[in-house]
Amino acid sequence: MEPTPALVARNISKTFVISEDSHNTVKHRLFNIFNPPRKKRIEAIKITSLEINKGECIGLLGRNGCGKSTLVKLLAGVYPTDTGFLKINGSTMLMNLGVGMSHELTARENIYVSGSVLGLKIKEVDAIFDEIIDFAELREFVDTKIKFFSSGMVARLGFSIAVKAGADIMFLDEIFAVGDMKFQEKAIKVFESSWIQGKTVVLVSHSMEVISKYCQRAGYMKDGVMKFFGDTQTAIQLYLADNQ
Amino acid sequence: MLLRVVKDWFSRSNKIERLWLLAKIEFKLRYYENKLGLLWALLKPVMDMSIYYVVFKIILKSDTPAFASFLFIGLIFWNFFLESTTGTIQILSTKKYLYEYSNMNKLEIYISTILSNSIGFFFNLVMFLVFYHFIEIDSIGFTIYNFWVILLFFNLFILSLAISLILSNLYIIAKDISQIWQVFTSFLFFLSPIFYSLKVFKDALPSFDYGNPIAGIIINGRRVMMEGKPPDLELFIWDFSFAFFLLLTGLLILNKLGSKAAEKL
């Protein structure tokens with residue numbers, strides 16, 4: 001069977017222009033017409049192409065500041081790309097330490113909002129609501145606003161929503177750092193169960209163990225360039241060599 | 001572009017549900033969080049109305065018939081417009097959690113927020129109907145033309161959405177747009193026929209019923225609700241075109257500036 005692409009990126013790139021003093025009011029702009037702010041260009045992602053198929057688990061490796069998180073945000077459609085072409089088939093969800101939750105809403109409302117944003121119908125959210133609450137171990141706090149939660153509780157709720165509701169393409173940025181030991185074990189168990197099968201996942205991690213265990217292919221990045229994209233073991237070798 | 005967006009919405013059936021869910025939560029956040037609750041939504045137009053009534057009827061002796069109702073209908077249109085524009089300037093920043101972690105269409109955030117304001121509008125409209133039919137002495141009663149108010153509201157909805165899109169996306173590059181808009185709206189308030197009679201308004205500001213997109217909606221709103229007349233069709237079509245033109249501008253700006261919201265705000 002021909003694999004169907006979940007995500008196609010051709011020649012995408014991203015440059016951040018950072019001005020030293022920000023001119024973001026009308027007054028500031030008027031008073032400084034002849035005195036443009038000094039700008040710094042940071043090429044976060046240089047021309048990159050890649051293709052991810054449905055059901056694949058892709059690892060992303062690289063040292064801090066090499067552009068992994070920016071690439072993930074581009075691929076998730078959160079940031080617009082500067083050049084090239086990006087086709088995303090389906091809903092995406094980006095997960096790092098926080099996921100898209102409003103601190104003004106209760107856990108219950110957040111589950112419904114996130115579920116709905118991820119493309120579920122209200123009835124479908126009803127069906128998995130209890131599973132999410134139980135997995136996050138937040139039964140007593142269902143109707144508490146999450147601004148009163150501890151950061152661990154918020155992270156657990158986010159992880160549970162991601163696991164149970166899940167978008168078509170999931171971007172997981174260092175998620176194994178969530179929760180206490182017991183919760184981490186649960187999180188890893190989820191990965192070992194059939195959850196990951198059939199899902200399109202992009203996994204960012206500094207743990208070689210996790211990457212080599214779950215990823216069919218991996219990319220190795222350095223200074224905003226995708227140096228290698230393909231076999232997982234080769235990518236890990238390159239990353240380890242870079243760390244020497 | 002617009003067609004594609006609309007088509008995209010209907011093809012994924014949970015979008016309507018999602019808009020309604022977000023609107024309900026927004027409405028709840030606005031009114032159930034404070035002590036007065038929903039009462040405030042009902043109290044606000046009545047209080048506004050009393051203030052202007054004292055000023056214009058008792059002090060300035062305005063001769064407009066059924067002046068309280070005249071004010072009431074004008075104010076509920078105006079307040080909806082004001083809430084949906086001034087209240088949404090920072091929407092891309094307050095609702096960042098919705099688009100920061102997924103590829104959700106930002107237009108939905110706007111529509112759901114204005115939808116939640118619409119709930120408030122319909123509460124007020126019901127209050128107006130009760131007031132007009134049971135309390136107002138000069139009421140002419142129910143007429144078939146009352147139903148035009150649905151289309152007029154649709155026009156107002158598009159206008160508010162358009163201006164909300166323009167302002168909130170400009171906010172990304174110019175944070176003080178909210179102060180500028182505040183001054184502008186207080187100016188616009190006095191340039192709209194909210195408490196002057198139509199004749200005074202037209203004599204003083206000729207062709208302003210066309211220049212100011214909210215003026216026509218208020219004028220036509222009074223015709224269909226209080227005067228038992230059909231709307232001024234020319235004005236009605238003009239206002240719709242005006243709103244659609246602004247909406248198109250707003251969508252262009254959303255595409256151009258709004259896509260950068262996640263990194264700039």
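Proteins get letters first, then strands, A, B, ... in listed order; numbering begins at 1 in each.
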Given a strict heavy-atom distance threshold of 4.5 Å, which part of [X] is in contact with chain A: side chain, backbone, both, or neither?
X	answer
Leu98(B)	both
Lys28(B)	side chain
Leu170(B)	neither

Applied to residues 179-188 of chain B, the side chain to side chain donor-acceptor pair (under 3.5 Å) test, sequence neighbours excluded, yields Thr85(B)-Trp181(B), Thr86(B)-Trp181(B)
Would you say that more than 12 heavy atoms from the other residues, nucleotides or ligands in this model lie under 6.0 Å from the [atom1] of [X], or not?
X	atom1	answer
Phe245(B)	CZ	no
Phe122(B)	CZ	yes
Phe123(B)	CZ	no
Phe184(B)	CZ	no
Arg139(A)	CZ	yes

Which residues pass the salt bridge (charged side-chain N to carboxylate O under 4.0 Å, His left out) test with Asp223(A), sequence neighbours left out?
none
Check against side-chain contact (heavy atoms from CB on, under 4.5 Å), Val78(A) and Tyr99(B)
CA-CA 7 Å; Val78(A) 175; Tyr99(B) 64 84; 5.7 Å; no
Toward chain B, the part of Phe171(A) with a non-hydrogen atom under 4.5 Å
neither
Interface moiety of Ile169(A) toward chain B, non-hydrogen atoms closer than 4.5 Å:
neither
Output the distance between atom [atom1] ([X]) and atom [atom2] ([Y]), rounded to the nearest 0.5 Å.
X	Y	atom1	atom2	result
Ile25(B)	Arg108(A)	CD1	CZ	11.0 Å
Ser102(A)	Lys96(B)	OG	NZ	13.5 Å
Lys15(B)	Lys121(A)	NZ	NZ	13.0 Å
Glu100(B)	Tyr79(A)	CD	OH	7.5 Å

Nearest atoms (heavy-atom pairs only) where Pro80(A) meets Lys260(B)
CG-CG, 4.1 Å
Taking all non-hydrogen atoms of both residues, which atom of Tyr97(B) and which atom of Leu105(A) are closest, and how far apart?
OH-CD1, 3.7 Å
Heavy atoms under 4.5 Å from chain B: which residues of residues 46-54 of chain A carry them?
none
Answer yes or no: is there an ion pair linking Lys73(A) with Glu263(B), defined by an N-O contact shorter than 4.0 Å?
no
What do the steps show when you test Val117(A) against Leu22(B) for side-chain contact (heavy atoms from CB on, under 4.5 Å), and what is the final call?
CA-CA 10 Å; Val117(A) 168; Leu22(B) 290 173; 5.6 Å; no
By side chain to side chain donor-acceptor pair (under 3.5 Å), which residues pair with Asp209(B), not counting sequence neighbours?
none
For the candidates Lys14(A), His103(A), Glu124(A), which exhibits the highest count of non-hydrogen atom pairs separated by less than 4.5 Å from chain B?
Lys14(A)
